[in-house]
Amino acid sequence: MDYLILKLEGPMQAWGTHTFEDYRPTQPFPTLSAIIGLLGACLGIHRHERNRLIDLGDSLEVTIRADQRLRRDPVTITDFHTVLDARKVGGGVNPHPVVSRREYLCDAGFTLVLAQRDAAVFGLETIAEAVKKPFYTPFLGRRSCPLARPLFERWCQADCVLSALAEISPGYGLVYSCNTDLGDSRRMVRDVPLPGHRQFGARQLAVIVSKERHDDVSK
């Protein structure tokens, strides 16, 4: 299969999970909704064009590897903002200002592997050209998180996604995949936008500890 390999590297990253205005934690890996938003920005899809974003998400099978560092793991830092008109849990607006605390990952790096699904509306060639010449400026979760390098890494032909990852430096790390057949370990996340709503749906990820060789994998 042909795989499109991207790299997500920057001094800070923020991959928000399900929350409200007063606390904005980050997942330890990029969420599917964030990846679709990132690629959509490169393609010139506006955030309100929900049907096109859904078509983009349905076109891809996404696998993410958290690239381990030799010296240390990523650290999390927190800053805060004073926010007016914050949303309440029930959907209303808070009449009082609130302090919103927001988390960021520092010194993190991720390898992103994209595979094209059958009947894809957006093909890998189109996406590759878009990430090389993005329409909107891409960033790593929040606008305060710029890229430290171009997104495009390379094309890769391999028998499976783990074989593809084994060819990409550093060759090992924690792998999160939409393909739950890849491993026995599962992680439930809430990061798939429901059509027409701001709420998020739940999905399962396969979680694999990928060693230096793809055939040496503990699940």
Side-chain angles (χ1 to χ4, degrees), residues 1-10 13 15 17 26-39 42 56-74 105 107-120 122-132 138 140-141 147-192 202-219:
M1 291 186 64
D2 290 325
Y3 295 100
L4 175 59
I5 311 297
L6 308 179
K7 287 282 191 178
L8 307 182
E9 295 182 2
Q13 305 187 33
W15 309 112
T17 183
T26 179
Q27 293 272 20
F29 58 91
T31 56
L32 179 61
S33 55
I35 291 170
I36 298 308
L38 176 69
L39 298 177
C42 294
L56 177 58
D58 291 342
S59 298
L60 301 172
E61 183 175 285
V62 179
T63 302
I64 304 154
R65 184 183 66 201
D67 295 335
Q68 297 174 346
R69 304 294 181 174
L70 294 177
R71 295 186 178 179
R72 63 178 181 177
D73 293 329
L105 293 177
D107 298 321
F110 301 94
T111 297
L112 185 63
V113 183
L114 303 181
Q116 183 174 316
R117 288 175 171 162
D118 295 336
F122 294 90
L124 291 183
E125 290 279 358
T126 300
I127 294 171
E129 290 304 312
V131 298
K132 292 177 184 178
L140 300 175
L147 296 160
R149 51 150 291 167
L151 288 168
F152 181 82
E153 173 70 10
R154 55 174 281 194
W155 288 96
C156 180
Q157 286 189 331
D159 294 333
C160 68
V161 66
L162 295 180
S163 297
L165 279 170
E167 297 184 21
I168 310 301
S169 176
Y172 57 96
L174 198 59
V175 176
Y176 304 90
S177 178
C178 295
N179 183 357
T180 54
D181 294 331
L182 284 180
D184 296 329
S185 296
R186 300 283 190 274
R187 176 167 182 160
M188 185 69 71
V189 293
R190 290 174 56 83
D191 71 340
V192 182
R203 68 187 179 103
Q204 281 192 338
L205 293 176
V207 183
I208 308 105
V209 181
S210 178
K211 304 297 183 181
E212 297 238 9
R213 289 177 53 86
H214 74 276
D215 56 355
D216 181 16
V217 175
S218 60
K219 302 175 182 179

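Not measured: the values here are computed from a predicted model.
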Does P150 have any side-chain contact (heavy atoms from CB on, under 4.5 Å) partners at least two apart in sequence or in another chain, and if so, which?
none
Among I35, V113, L32, L165, find the residue that satisfies the side chain to side chain contact (heavy atoms under 4.5 Å, CB included) test when tested with I64.
I35
Rounded to the nearest 0.5 Å, what separation is found between the CD1 atom of I168 and the OG atom of S163?
11.5 Å
Heavy-atom nearest pair, G10 first then A148, reads CA-CB, 3.7 Å
For R117, what residues pass the salt bridge (Lys or Arg N to Asp or Glu O under 4.0 Å) criterion, not counting sequence neighbours?
none
Got a donor-acceptor contact below 3.5 angstrom from the Y3 side chain to the A158 backbone?
no
Looking at R149 and K7, would you say the former's side chain and the latter's main chain have a donor-acceptor pair under 3.5 Å?
no
Take L39 and L60, measure what side chain to side chain contact (heavy atoms under 4.5 Å, CB included) needs, and give me the verdict at the end.
CA-CA 11 Å; L39 298 177; L60 301 172; 3.7 Å; yes
Under the criterion side chain to side chain contact (heavy atoms under 4.5 Å, CB included), I'd like the reasoning laid out for T63 against N179: C-alpha separation, chi angles, the key distance, then a yes or no.
CA-CA 8 Å; T63 302; N179 183 357; 5.8 Å; no
Hey, does the side chain of Q116 reach the backbone of L124 with a donor-acceptor pair shorter than 3.5 angstrom?
yes
By salt bridge (Lys or Arg N to Asp or Glu O under 4.0 Å) - contacts of E61 (at least two apart)
none
V209 versus L174: any side-chain heavy-atom pair under 4.5 Å?
yes
Validation row: L6, E153 side chains within 4.5 angstrom (heavy atoms)
no
Heavy-atom nearest pair, P30 first then L8, reads CG-CD1, 3.7 Å
Nearest 0.5 Å, what's the CE-SG distance between M1 and C156?
11.0 Å
Do W155 and L4 come close enough that some side-chain heavy atom pair is under 4.5 Å?
yes
F110: which of R65, E9, Q13 passes side chain to side chain contact (heavy atoms under 4.5 Å, CB included)
Q13
What residues, two or more places apart in sequence or in another chain, satisfy ring-ring contact (aromatic ring centres under 6.0 Å, His included) together with F29?
Y176
The side-chain contact (heavy atoms from CB on, under 4.5 Å) partners of L147 (sequence neighbours excluded) come to P138, L140, L151
Which residues satisfy the side chain to side chain donor-acceptor pair (under 3.5 Å) test with E167, sequence neighbours excluded?
R154
